[in-house]
Peer 1: 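One structure follows; several queries about it will come next.
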Amino acid sequence: MALQWFPGHMHKALKEIKESLSQVDVLIEVLDARIPYSSENPEIAKIRGDKPCIKILNKYDLADPDITAQWQTYLESERGVKTITTSSDKPGTSKQIMAMIKTMFAHKDVQHKAIKAMITGIPNVGKSTLINILADRIIAKTGNEPAVTKSQQRINLGDGIILFDTPGVLWPKLENPHSIYRLASSGAVKNTAMEYDDVGFFAADYLIKAYPEVMKSTYKLDELPSTELEFLEAAARKRGAIMAGGRVNLHKICEVLLNELQSGKLGRITLETPQMVAQEKIEIAEAAAKKEAEKAKRKQRFKEGSLTPDKHARKEKRNEKRQEQSRRMKKR
Ligand SMILES: Nc1nc2c(ncn2[C@@H]2O[C@H](COP(=O)(O)OP(=O)(O)OP(=O)(O)O)[C@@H](O)[C@H]2O)c(=O)[nH]1
């Protein structure tokens, strides 16, 4: 895989988050609603312990509302966190988040003690945009290039709430090999960081299965091909992505598909569901167990192989020789 996270930076950020977390009342974790699992850093859940948490499913305007509802049910019932959907174009976001925090800490005497919230999120998830919405002014620099936000800030939101931005840059943690492709497909990871065509093929494979009607109508296809290659070839012909000699330009059509997916031109699309992720987790655990079992078997075979009768006899002879030599040495 061509992509490298920076483990050193990640460790530093997690250490700083852990230190800061002990001083706050609530953690606000911003996720990308299109990839709520892949845009999460599972280490945060471990560090958080039982600290109250609000998971914000941001970029809701780009996500499939039905699947977002499934994610909210899963996160609230299985993970015990509060959830809110937000998007930069949705009015009332700030009020909604502030009201949720106030309700969670209704028992706290805000006259005397402010509620401290810390906001985290992987690069490009929309954290800075959200901070600006919450603060109602431009505080954090926003942009389409991941990791624009760098410094930690303390922002008084008023109404007895203080917001702390995350120290350091928090990268996603990739426990599932599909996650990197979902991050790249959604644009959370820069397109240049990975093989563009690999990401395009991955997206095409998912989209023709999960959103067949959308793909058929967007690319004006009479029949939807059953493989991603055939789909990309058909879409390329429809969009004029043809090279000299009449061959289809797969690189170009992958670029078109990813741009249309990321900009919302394909409609509201989510790239993973709770059921899919649960099934993948089982498969990953099974594959890891199989690998371990094979490793143990190899080890055992090696052990047994090193003690075949012939080898064993030779080893015995060598030992006898050594003992004889040491007896002679002692006699002298
Ligand atoms: N469609 C849509 N785009 C959004 C939303 N929120 C943010 N964006 C866009 O996503 C991109 C990243 O937003 P930022 O707010 O800079 O993200 P960030 O998480 O602070 O990113 P870093 O600076 O990398 O940490 C920008 O192009 C935003 O305009 C949203 O709710 N919907």
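For ligands, and for the atoms within them, numbers begin at 1 and follow the listed sequence. Only this structure's heavy atoms are used, side chains among them; waters, hydrogens and symmetry mates stay out. Since the structure is predicted, the reported quantities are computational estimates derived from the model, not experimental observations.
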Peer 1: List the atom of Leu261, the atom of Ser185, and the distance in Å for their closest heavy-atom pair.
Peer 2: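 Looking at all heavy atoms of both residues, the shortest contact is CD2-O, 3.5 Å.
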Peer 1: Taking 4.0 angstrom as the limit and counting only heavy atoms of Ser128, give me the atoms of ligand 1 inside it, by number and element.
Peer 2: 15 (O), 18 (P), 20 (O)
Peer 1: Considering only heavy atoms of Pro123, which atoms of ligand 1 have at least one such atom less than 4.0 Å away?
Peer 2: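 Counting from 1, the qualifying ligand atoms are 24 (O), 25 (O).
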Peer 1: Pick one of side chain, backbone, both or neither for how Leu62 approaches ligand 1, counting any non-hydrogen atom pair under 4.0 Å.
Peer 2: side chain
Peer 1: May I ask you to check if ligand 1 and Thr86 share an N or O to N or O distance below 3.5 Å?
Peer 2: no
Peer 1: Please check whether Tyr60 reaches ligand 1 - meaning an N/O of the residue sits under 3.5 Å from an N/O of the ligand, judged on distance alone.
Peer 2: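 N/O-N/O distance below 3.5 Å does not exist for this pair.
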Peer 1: Will you find, in the side chains of Gln275 and Gln279, an N or O donor that is under 3.5 Å from an N or O acceptor?
Peer 2: no
Peer 1: Select one of side chain, backbone, both or neither to describe which atoms of Asn58 lie under 4.0 Å from any atom of ligand 1, heavy atoms only.
Peer 2: side chain
Peer 1: What do you reckon, does Asp61 have a nitrogen or oxygen under 3.5 Å from a nitrogen or oxygen of ligand 1?
Peer 2: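 Yes, since at least one N or O of Asp61 sits under 3.5 Å from an N or O of ligand 1.
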Peer 1: So Glu29 and Arg48, salt bridge (Lys or Arg N to Asp or Glu O under 4.0 Å) or not? Walk me through it.
Peer 2: CA-CA 11 Å; Glu29 192 176 357; Arg48 175 172 74 81; 5.6 Å; no
Peer 1: Without hydrogens or angle criteria, can the side chains of Glu280 and Tyr37 be said to hold a donor-acceptor pair below 3.5 Å?
Peer 2: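 Side-chain D/A pair, Glu280 to Tyr37: absent.
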Peer 1: Could you check whether Arg268 makes a cation-pi contact with Tyr60, meaning its NZ or CZ is under 6.0 Å from the centre of the six-membered ring and within 45° of the ring axis?
Peer 2: yes
Peer 1: Taking only heavy atoms of Ser87, which atoms of ligand 1 are found under 4.0 Å from at least one of them?
Peer 2: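 What qualifies from ligand 1 is 31 (O).
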Peer 1: Return the minimal non-hydrogen interatomic distance between Gly187 and Asn124, and the atom names on each side.
Peer 2: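 Looking at all heavy atoms of both residues, the closest pair is O-ND2, 3.1 Å.
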